[in-house]
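What follows is one structure encoded as structure tokens, with my remarks underneath.
None of the values given here were measured: they were computed from a predicted structure.
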Amino acid sequence: DSILSTTLTVLPTSSLSDNASVCQGDSIFLEGAYQTIAGSYVDTYLALNGCDSTVTTVLSVLPVPSSSASTGICQGDSLYLAGAFQKLAGVYTEVFMAANGCDSLLHTTIVVLPTHSVNVNASICQGDSIYLGGGYQTTAGVYVDYFTSSFSCDSTVTTTLALTTSVSGTDTESICRRYSIYLAGAYQSSTG
């Protein structure tokens with residue numbers, strides 16, 4: 001008979017737990033694939049002693065905050081959004097860092113408000129004046145006045161002013177004695 005004595009050693013397996021988080025829309029490689037859904041994932045590795053070793057990862061998905069805003073600008077003005085001065089109507093998205101470490105999105109809608117421009121012709125008699133361009137004007141020319149429209153945008157009125165020359169003349173009238181004639185706003189009966 002021969003006797004074979006066997007000493008059996010039970011090698012320990014190791015089992016670890018870990019927590020991980022990703023931002024919504026991102027992924028992490030667990031259980032042989034990229035995971036995007038919160039849950040518990042188990043990965044098996046070969047330990048130094050040749051036994052299986054497991055790592056259980058509890059995955060949480062962090063939300064990406066998103067908010068919206070709307071603003072109006074006057075035609076010809078601009079607003080700094082998304083890294084540049086924007087002059088056109090549209091939706092512009094900016095990315096910020098949220099408190100949870102994920103991106104935070106701000107969607108800003110720009111509405112372009114109209115400005116109004118009106119051209120007007122006016123005339124005055126020589127020697128008269130008219131209030132245009134911030135003062136009383138007595139000479140022909142082009143004058144621009146600025147007003148605030150209902151949208152709080154500039155509105156302009158451009159007035160082209162012309163001078164009308166006055167016409168004067170002399171007329172001679174005669175009347176018989178004891179008669180009168182209506183002149184200069186009253187009945188006149190004396191020479192003048």
Side-chain angles (χ1 to χ4, degrees), residues 21-27 36 61-192:
S21 60
V22 293
C23 298
Q24 188 176 7
D26 288 344
S27 63
T36 59
V61 177
L62 303 174
V64 174
S66 179
S67 57
S68 297
S70 180
T71 188
I73 60 172
C74 297
Q75 190 173 12
D77 287 347
S78 64
L79 183 65
Y80 191 82
L81 286 174
F85 285 98
Q86 309 299 338
K87 291 183 174 187
L88 302 176
V91 179
Y92 299 90
T93 301
E94 295 182 282
V95 180
F96 300 98
M97 180 69 74
N100 64 5
C102 295
D103 290 344
S104 170
L105 304 176
L106 174 61
H107 308 285
T108 304
T109 302
I110 292 181
V111 177
V112 177
L113 304 171
T115 57
H116 298 285
S117 181
V118 178
N119 295 319
V120 176
N121 292 319
S123 63
I124 58 172
C125 295
Q126 196 166 13
D128 287 344
S129 66
I130 186 171
Y131 193 83
L132 295 172
Y136 285 97
Q137 308 301 331
T138 58
T139 57
V142 177
Y143 301 93
V144 179
D145 290 291
Y146 297 93
F147 301 96
T148 301
S149 71
S150 58
F151 297 119
S152 297
C153 295
D154 286 344
S155 142
T156 58
V157 176
T158 303
T159 305
T160 303
L161 180 63
L163 290 180
T164 304
T165 54
S166 57
V167 177
S168 63
T170 304
D171 188 19
T172 303
E173 295 288 335
S174 60
I175 58 171
C176 297
R177 209 183 287 201
R178 286 184 253 141
Y179 287 97
S180 63
I181 187 169
Y182 191 81
L183 295 172
Y187 284 100
Q188 310 295 334
S189 58
S190 60
T191 302

message: Between T138 and D128, is there a side-chain heavy-atom distance shorter than 4.5 Å?
response: no

- request: Indicate the atoms forming the closest heavy-atom contact of C102 with V64, along with that distance.
  value: CB-CG2, 4.4 Å

field: Heavy-atom check, side chain of D145 versus side chain of L132, under 4.5 Å
entry: yes

- prompt: Quick one: OG1 on T71 to CG on L79, what's the gap to the nearest 0.5 Å?
  reply: 6.0 Å

task: Taking all non-hydrogen atoms of both residues into account, name the closest pair between S152 and C74 and its distance.
output: O-SG, 3.9 Å

query: Any idea which heavy atoms bring I175 and S189 closest together, and the distance?
result: CD1-CA, 4.2 Å

message: For a 4.5 angstrom cut-off between non-hydrogen side-chain atoms, does I124 reach L163?
response: yes

- line: Heavy-atom closest pair (A82 atom, E94 atom, distance to 0.1 Å) is N-OE2, 3.3 Å

query: Is a side-chain N or O of D103 found less than 3.5 angstrom from the main chain of M97, in a donor-acceptor match?
result: no

- prompt: Are any side-chain N or O atoms of Q75 and backbone N or O atoms of L113, one a donor and one an acceptor, separated by less than 3.5 Å?
  reply: no

- prompt: If you measure from CG on L62 to CG on N100, what distance do you get to the nearest 0.5 Å?
  reply: 5.0 Å

field: From OH (Y92) to NE2 (H107), nearest 0.5 Å
entry: 15.0 Å

- prompt: Judged by atom type as modelled, is there a donor-acceptor pair below 3.5 Å linking the side chain of D154 to the main-chain atoms of Y146?
  reply: no

message: Just verifying a value: how many Å separate Q86 CD and I110 CD1, rounded to the nearest 0.5 Å?
response: 6.0 Å

query: Side chains of V61 and T36: does their closest heavy-atom pair fall under 4.5 Å?
result: no

- prompt: Closest approach of A89 and V112, non-hydrogen atoms and distance?
  reply: N-CG2, 3.5 Å

message: I need the C125 SG to I130 CD1 distance, nearest 0.5 Å.
response: 11.0 Å

